[in-house]
Student: 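Attaching a single structure in structure tokens format; questions to follow.
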Amino acid sequence: MASPRPFQPLRGVRIVSLALNLPGPAALMRLQAQGARCLKVEPPGPGTTPAGRPISGDPMGQYDIGAYNTLHEGVRVVTMDLKAERGRVQLGKELARADLLLTSFRPSALAKLGLAWTALHKAYPQLSMVEVVGAPGERAEEPGHDLTYLAEAGLVTGTELPPTLLADMAGALMASEAALACLLQARASGKGQHREVALASAAHWLALPRSWGMTLPSGPVGGAHAGYRVYPCKDGRVAFAALEPHFARALFQVAGLPPPDARAPFAPCARAAIAAWAAGKTRRQLDALAEKHDIPLLTLK
């Protein structure tokens with residue numbers, strides 16, 4: 001029996017994207033997965049490959065073609081020179097039948113192209129718009145990237161780079177959320193809607209638990225709780241997430257420690273005891289204990 005087709009609430013919705021690099025295409029990928037018909041417009045690239053294929057005008061298509069191909073699967077990609085009259089006419093035809101425009105340009109660049117919201121809404125009253133910018137409001141013209149937004153939000157705590165592009169990916173989620181909000185409101189009002197999504201704001205959203213103290217070294221999920229830490233084990237590492245009291249009790253029990261009260265997991269001696277116990281166990285032994293005693297953990301090499 002064939003599995004049922006996934007529900008696609010955006011089937012029939014047309015989206016045009018001018019957004020380059022990661023956040024815009026990642027948002028478009030999510031919208032396309034929900035059934036939207038997506039068109040990605042790129043500027044002319046810097047030439048052709050040795051095999052004669054055109055090089056993408058999106059920087060990601062130049063520095064990471066694998067990621068680019070994944071992001072654009074199922075998306076129709078066309079090249080238009082929006083600095084030329086012909087390209088602007090081509091884009092206008094697409095916008096006239098689209099429901100949403102997604103961009104990632106600075107406001108000044110959009111204005112030069114005649115795509116600032118006021119002008120766009122006058123020309124295409126039915127069209128909604130989501131602008132992905134670096135920083136909100138008056139700071140939208142400032143240069144920046146994922147790393148600078150994370151640093152500003154307090155999420156870069158040493159000299160190591162973050163393990164992934166957190167602000168870009170959170171911004172993509174916020175942009176797809178903004179697109180859904182625009183489409184719903186436009187459907188109710190009959191008029192196109194406008195939202196701005198700032199990557200700096202996405203980084204600050206991700207940083208909220210840290211601002212509350214939760215993920216600081218003294219916080220419950222920052223290392224202070226003995227059941228919520230990464231420890232070395234005999235042949236690798238183990239990440240424990242035994243935060244709730246019943247999980248902590250199970251962990252303390254298998255580690256041979258007395259049943260904990262509310263503060264016991266925060267005692268340095270508890271962290272030392274679990275570290276010593278975990279160091280004598282293999283990943284296989286820890287996995288078996290987790291299954292038997294319902295302890296949330298993941299073993300790592």
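Note that the coordinates shown come from a computational prediction; the quantities given were computed from them, not determined experimentally.
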Student: Could you go through the side chain to side chain contact (heavy atoms under 4.5 Å, CB included) check for Lys234 and Arg283 one step at a time?
Tutor: CA-CA 7 Å; Lys234 206 166 187 177; Arg283 297 199 309 273; over 6 Å; no
Student: Checking the side chain of Gln185 only, and the main-chain atoms of Leu183 only, is there a donor and an acceptor separated by less than 3.5 Å?
Tutor: no
Student: Does Ile274 share a hydrophobic cluster with Val238, counting links as ILVMFWY side-chain heavy atoms below 4.5 Å and allowing steps through other members?
Tutor: yes
Student: In this structure, would Trp212 and Trp205 fall into the same cluster of hydrophobic residues linked by side-chain contacts under 4.5 Å?
Tutor: yes
Student: If you measure only the distance, is there a donor-acceptor pair under 3.5 Å linking the side chains of Arg97 and Gln126?
Tutor: no
Student: Is it true that a side-chain atom of Thr164 and a backbone atom of Leu166 form a donor plus acceptor pair closer than 3.5 Å?
Tutor: no
Student: Can you check whether Leu161 reaches Val156 side chain to side chain, under 4.5 Å on heavy atoms?
Tutor: no
Student: To the nearest 0.5 Å, how far apart are CG in Leu91 and CG in Leu101?
Tutor: 7.0 Å
Student: Minimum heavy-atom separation for Ala27 to Leu102, with atom names?
Tutor: CB-CD2, 4.3 Å
Student: Would you confirm whether Asn69, through its side chain, and Ile65, through its main-chain N or O, come within 3.5 Å as a donor-acceptor pair?
Tutor: yes
Student: Pairs under 3.5 angstrom only: tabulate donor-acceptor contacts from the side chains of residues 294-301 to other protein residues two or more places apart or in another chain.
Tutor:
residue : atom : partner : partner atom : Å
Thr299  : OG1  : Asp287  : OD1          : 3.1
Thr299  : OG1  : Asp287  : OD2          : 3.3

Student: Does a salt bridge link Glu141 with Arg139, judged by any charged N lying under 4.0 Å from a carboxylate O?
Tutor: no
Student: Nearest 0.5 Å, what's the CD-CG distance between Glu131 and Leu115?
Tutor: 9.5 Å
Student: Has the side chain of Asp58 got a donor or acceptor atom that lies under 3.5 Å from a matching backbone atom of Asn21?
Tutor: yes
Student: Stepwise, does the salt bridge (charged side-chain N to carboxylate O under 4.0 Å, His left out) test hold for Asp235 with Arg284?
Tutor: CA-CA 9 Å; Asp235 56 352; Arg284 180 175 293 182; over 6 Å; no
Student: Between Val133 and Val197, is there a side-chain heavy-atom distance shorter than 4.5 Å?
Tutor: no
Student: In the single-linkage hydrophobic clustering (I, L, V, M, F, W, Y; side-chain heavy atoms under 4.5 Å), do Val132 and Leu20 co-cluster?
Tutor: no
Student: Which pair of non-hydrogen atoms, one from Ala153 and one from Ala207, has the smallest distance, and what is that distance?
Tutor: O-CB, 3.4 Å
Student: Who else is in the cluster with Ile55 when I, L, V, M, F, W and Y are joined by side-chain contacts under 4.5 Å?
Tutor: none
Student: Is the distance between the ring centroids of His72 and Tyr68 under 6.0 Å?
Tutor: yes
Student: Contact between Pro268 and Arg271 at the side-chain level, heavy atoms closer than 4.5 Å - yes or no?
Tutor: yes
Student: Are Tyr149 and Leu206 grouped together when hydrophobic residues (ILVMFWY) are joined by side-chain heavy atoms under 4.5 angstrom apart?
Tutor: no
Student: With no hydrogens and no angle check, just 3.5 Å: does a side-chain donor-acceptor pair link Gln8 and Gln34?
Tutor: no
Student: Using 0.5 Å steps for rounding, measure from the CG atom of Leu100 to the CG atom of Leu31.
Tutor: 7.5 Å
Student: Is the closest side-chain heavy-atom distance between Ile15 and Leu28 below 4.5 Å?
Tutor: yes
Student: Give me the atom names and distance for the closest heavy-atom approach of Phe252 to Pro258.
Tutor: CD2-O, 3.4 Å
Student: To check you understand the geometry: which heavy-atom pair defines the closest contact between Pro162 and Leu150, and what is its length?
Tutor: CG-CD1, 3.7 Å
Student: If you compare all heavy atoms of Glu196 against all heavy atoms of Pro136, which two are closest, and at what distance to 0.1 Å?
Tutor: OE2-CA, 3.7 Å
Student: Which heavy atom of Pro220 sits nearest a heavy atom of Gly213, and at what distance?
Tutor: CD-O, 4.4 Å
Student: Would you say that Arg37 contacts Val13 through its side chain, given a criterion of any heavy-atom pair below 4.5 Å between the two side chains?
Tutor: no
Student: Would you check if Leu39 and Val75 make a side-chain contact, meaning some heavy-atom pair closer than 4.5 Å?
Tutor: no
Student: Once rounded to the nearest 0.5 Å, what's the spacing between atom CH2 of Trp117 and atom OG1 of Thr103?
Tutor: 11.0 Å
Student: Let's go through Thr157 and Arg210 carefully: what are the C-alpha distance in whole Å and the side-chain angles of both, what is the deciding distance for side chain to side chain contact (heavy atoms under 4.5 Å, CB included) to 0.1 Å, and is it a yes or a no?
Tutor: CA-CA 11 Å; Thr157 57; Arg210 190 168 183 83; 3.4 Å; yes
Student: Checking Arg229 against Tyr231: charged group under 6.0 Å from the ring centre and within 45 degrees of the axis?
Tutor: yes
Student: Are Asp146 and Leu199 close enough, and set up right, to give a side chain to side chain contact (heavy atoms under 4.5 Å, CB included), and what steps lead you there?
Tutor: CA-CA 7 Å; Asp146 182 276; Leu199 301 180; over 6 Å; no
Student: Nearest 0.5 Å, what's the OG1-CD distance between Thr148 and Glu152?
Tutor: 7.5 Å
Student: Please tell me if the side chains of Met80 and Val78 come closer than 4.5 Å, counting only heavy atoms from C-beta onward.
Tutor: yes
Student: Does some side-chain heavy atom of Cys182 sit less than 4.5 Å from a side-chain heavy atom of Met129?
Tutor: no
Student: Please report the interatomic distance CD(Gln90) to CG(Leu95), rounded to the nearest 0.5 Å.
Tutor: 11.5 Å
Student: For the side chain of Ser128 and the backbone of Gln193, is there at least one donor-acceptor N/O pair under 3.5 Å apart?
Tutor: yes
Student: Please determine which of Arg88, Arg14, Arg76 meets the salt bridge (charged side-chain N to carboxylate O under 4.0 Å, His left out) test together with Glu94.
Tutor: Arg76
Student: Does the side chain of Ser56 come under 3.5 Å of the side chain of Gln62 through a donor N or O and an acceptor N or O?
Tutor: no
Student: Let me see the working for Leu113 and Phe105 under side chain to side chain contact (heavy atoms under 4.5 Å, CB included), right down to the final yes or no.
Tutor: CA-CA 10 Å; Leu113 294 171; Phe105 296 162; 3.7 Å; yes
Student: In terms of ring plane angle, is the pair Phe266 and His225 parallel, tilted or perpendicular, where the classes change at 30° and 60°?
Tutor: perpendicular
Student: Assigning hydrophobic clusters by single linkage (Ile, Leu, Val, Met, Phe, Trp, Tyr; side-chain heavy-atom cutoff under 4.5 Å), is Val230 placed with Val221?
Tutor: no
